[in-house]
J.: 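A single structure is presented below for examination.
Computation of the quantities below employed the complete heavy-atom set of this structure, encompassing side-chain atoms and omitting hydrogens, waters and symmetry-equivalent molecules.
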Amino acid sequence: MGIEQHEYDEPFGLNLVQGSFQYITIALQWNELEGGSDQMSAESSELLRSLHALSGPFPPWDIHHLPKRPGELFLDWLQVAIKANVKEPHAMTISTVDQDGYPDARVLILKNVIDEAFYFASSSESRKGRQLEDNPHVALTFYWPALGRQVRIRGTAADMGNEAGADDFRKRSAGARAVAMTGRQSQELESEEVLDSSIEAQKERIQREPDMVTPHWRLYAVNAREVEFWQGDSGRKHTRIRYELHDGQWKQHRLWP
């Protein structure tokens with residue numbers, strides 16, 4: 001049982017234009033001089049409360065005929081999300097923990113699902129790669145707002161080895177490979193010029209050696225030990241089913257909203 005997906009060619013980001021910085025500076029000065037923090041707090045609270053959440057309608061979910069294993073149910077839900085034209089339904093948040101016990105989270109792409117193993121790829125030299133080496137316990141979160149559905153997965157990440165990492169790397173686009181081959185992910189960037197020249201140098205290297213791989217690119221499998229399926233409800237009477245692995249057997253539990 002498996003499903004292949006593709007990675008993003010470029011990372012997400014939020015570009016703040018110069019005017020945004022000017023607005024922030026003015027707002028901070030106004031706060032300091034006029035004591036406007038309470039008003040701004042009230043305005044932000046009012047703004048957030050005006051936003052709608054879990055408006056529905058949402059697809060039905062028959063919890064009386066659930067599959068025995070969570071991997072099968074996950075693929076069913078993923079197919080529903082794909083058919084419903086949910087944007088990037090294979091995007092997931094992966095949460096790790098650093099050496100000081102602080103959680104860290106970022107959005108990655110699901111590469112494959114085999115039984116209850118969920119696959120993703122990353123550089124072992126990145127912050128998450130180093131955190132995984134220190135502590136392989138991770139959490140994955142999928143959220144599809146249009147369906148009011150969330151899937152939470154807890155488990156242990158395992159490096160699938162050199163051959164699997166190399167195979168995944170070769171399937172990436174040339175641009176994505178070039179960025180990975182710079183070997184500088186999560187490090188401080190000196191300038192845009194340094195970034196562009198480094199990427200261009202790696203692109204030229206790929207043209208000369210198209211089968212080139214970086215040994216730091218790894219494919220990981222998160223072996224789940226707990227998977228929760230959450231179906232939102234407009235009246236907040238959410239439906240939650242948690243699968244837990246005990247002695248090699250998956251047990252199902254209905255949870256309070």
Side-chain angles (χ1 to χ4, degrees), residues 1-8 61-82 86 88-98 101 103-124 126-145 147-161 164-165 167-168 217-232 238-257:
M1 178 173 62
I3 183 165
E4 290 284 353
Q5 298 293 340
H6 301 286
E7 77 280 11
Y8 290 125
W61 183 27
D62 184 3
I63 63 172
H64 300 293
H65 298 88
L66 296 172
K68 294 182 178 180
R69 302 177 66 98
E72 183 178 348
L73 180 55
F74 175 84
L75 288 176
D76 288 344
W77 274 30
L78 180 61
Q79 291 291 348
V80 171
I82 294 171
V86 172
E88 296 159 356
H90 54 334
M92 63 182 183
T93 299
I94 175 170
S95 302
T96 53
V97 179
D98 67 14
D104 219 342
R106 74 288 290 165
V107 177
L108 295 180
I109 288 300
L110 178 68
K111 293 297 188 75
N112 199 5
V113 181
I114 301 177
D115 296 327
E116 281 67 48
F118 298 78
Y119 291 76
F120 70 93
S122 177
S123 169
S124 61
S126 66
R127 174 181 286 188
K128 59 182 169 294
R130 296 192 300 270
Q131 291 172 352
L132 288 170
E133 185 175 358
D134 293 333
N135 184 349
H137 297 139
V138 301
L140 308 177
T141 307
F142 295 84
Y143 181 49
W144 303 307
L147 303 176
R149 287 182 170 180
Q150 178 179 233
V151 181
R152 301 170 56 207
I153 301 164
R154 301 175 72 200
T156 303
D159 187 332
M160 301 308 294
D167 182 63
D168 180 85
W217 189 258
R218 316 304 292 177
L219 181 69
Y220 297 92
V222 176
N223 297 297
R225 56 177 293 272
E226 182 179 298
V227 184
E228 180 186 320
F229 295 86
W230 182 92
Q231 175 65 71
H238 312 310
T239 302
R240 299 171 61 188
I241 299 292
R242 182 168 65 203
Y243 286 77
E244 293 181 344
L245 186 62
H246 291 288
D247 298 325
Q249 300 294 321
W250 286 99
K251 305 295 184 182
Q252 301 172 12
H253 306 277
R254 175 83 184 269
L255 305 179
W256 280 72

J.: Determine whether Q231 and I241 make a side-chain contact, defined as any pair of heavy atoms from C-beta on separated by less than 4.5 Å.
T.: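 No; the side chains remain at least 4.5 Å from each other.
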J.: Find the distance between CG (L110) and CZ (F74) and round it off to the nearest 0.5 Å.
T.: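 Between atom CG of L110 and atom CZ of F74 there are 5.0 Å.
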J.: Hey, what do you get for CG (N112) to NE2 (H90), rounding to the nearest 0.5 Å?
T.: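 N112 CG to H90 NE2: 12.5 Å, rounded to 0.5 Å.
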J.: Atom CD in E226, atom CH2 in W250: separation rounded to 0.5 Å?
T.: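 Here the interatomic distance stands at 8.5 Å.
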J.: For Q131 and P103, indicate whether the former's side chain and the latter's backbone hold a donor-acceptor pair under 3.5 Å.
T.: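 No.
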J.: Under a 4.5 Å cut-off applied to non-hydrogen side-chain atoms, are S124 and Y220 in contact?
T.: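 Yes, close enough: below the 4.5 Å cut-off.
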J.: Mind checking whether W230 and R152 have side chains closer than 4.5 Å, heavy atoms only?
T.: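 No - every pair of side-chain heavy atoms lies 4.5 Å or more apart.
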J.: Which pair of non-hydrogen atoms, one from A158 and one from N223, has the smallest distance, and what is that distance?
T.: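 Shortest heavy-atom separation between A158 and N223 comes out as CB-ND2, 4.1 Å.
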J.: Got R130 and R127 here, is their nearest side-chain heavy-atom distance under 4.5 Å?
T.: yes
J.: Flag yes if more than 12 heavy atoms outside D247 fall under 6.0 Å of its CG atom; otherwise flag no.
T.: no
J.: How close do T93 and A105 get, counting heavy atoms only, and between which atoms?
T.: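 Nearest pair, atom of T93 first, then A105: CG2-CB, 3.8 Å.
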J.: Tell me whether the rings of F142 and F118 are parallel (<30°), tilted (30 to 60°) or perpendicular (>60°).
T.: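 F142 and F118: tilted rings.
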J.: Determine yes or no for a side-chain-to-main-chain donor-acceptor pair under 3.5 angstrom, with E116 supplying the side chain and G71 the backbone.
T.: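 Indeed, once roles are kept as given, a pair shorter than 3.5 Å links the two residues.
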J.: Look up atom CZ in R254 and atom CD1 in I63, then write down how far apart they are to the nearest 0.5 Å.
T.: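 The CD1 atom of I63 is 4.0 Å from CZ of R254, to the nearest 0.5 Å.
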J.: Taking all non-hydrogen atoms of both residues into account, name the closest pair between G161 and R218 and its distance.
T.: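 Between these two residues, the closest heavy atoms are C-NH2, 3.4 Å.
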J.: Apply side chain to side chain contact (heavy atoms under 4.5 Å, CB included) to residues R149 and V80 and explain how you reach the verdict.
T.: CA-CA 11 Å; R149 287 182 170 180; V80 171; 4.0 Å; yes
J.: Would you give the length of the straight line joining atom CE of M160 to atom NZ of K111, rounded to the nearest 0.5 angstrom?
T.: 13.5 Å
J.: Using modelled atom types and a 3.5 Å cut-off, is there a donor and acceptor pairing between side-chain atoms of W217 and backbone atoms of D168?
T.: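 Such a contact is absent between W217 side chain and D168 backbone.
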J.: Report the relative orientation of the aromatic rings in W77 and F229; use parallel for angles under 30°, tilted for 30 to 60°, perpendicular for over 60°.
T.: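 Correct class here is perpendicular.
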J.: Compare all side-chain heavy atoms of P67 with those of Y243 and state whether any distance is below 4.5 angstrom.
T.: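 In contact.
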J.: Where do L78 and P89 come nearest, in terms of heavy atoms and distance?
T.: CD1-O, 3.8 Å
J.: Looking at every non-hydrogen atom in both residues, tell me the closest pair between A81 and L147 and how far apart they are.
T.: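 Closest pair (atom of A81, atom of L147, distance): CA-CD1, 3.6 Å.
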J.: Please report the interatomic distance CG(D104) to OG1(T96), rounded to the nearest 0.5 Å.
T.: 5.0 Å
J.: Any side-chain heavy atom of K251 within less than 4.5 Å of one from Q249?
T.: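 Side chain of K251 against side chain of Q249, heavy atoms only: contact under 4.5 Å found.
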J.: I'd like to know if the side chain of R240 and the backbone of W256 have a donor-acceptor N/O pair within less than 3.5 Å.
T.: yes
J.: I'd like to know if the side chain of D115 and the backbone of A117 have a donor-acceptor N/O pair within less than 3.5 Å.
T.: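 No.
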J.: Under 4.5 Å between any side-chain heavy atoms of W61 and L73, yes or no?
T.: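 Heavy-atom side-chain distance check passes, below 4.5 Å.
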J.: Do M92 and I153 make a side-chain contact, defined as non-hydrogen atoms from C-beta onward lying under 4.5 Å apart?
T.: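 No, their side chains stay 4.5 Å or more apart.
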J.: Locate the shortest heavy-atom distance separating K68 from Q252; write the atom from each residue and the value.
T.: CA-NE2, 4.0 Å
J.: Does any N or O in the side chain of R154 come within less than 3.5 Å of the main-chain N or O of R225, such that one atom is a donor and the other an acceptor?
T.: no
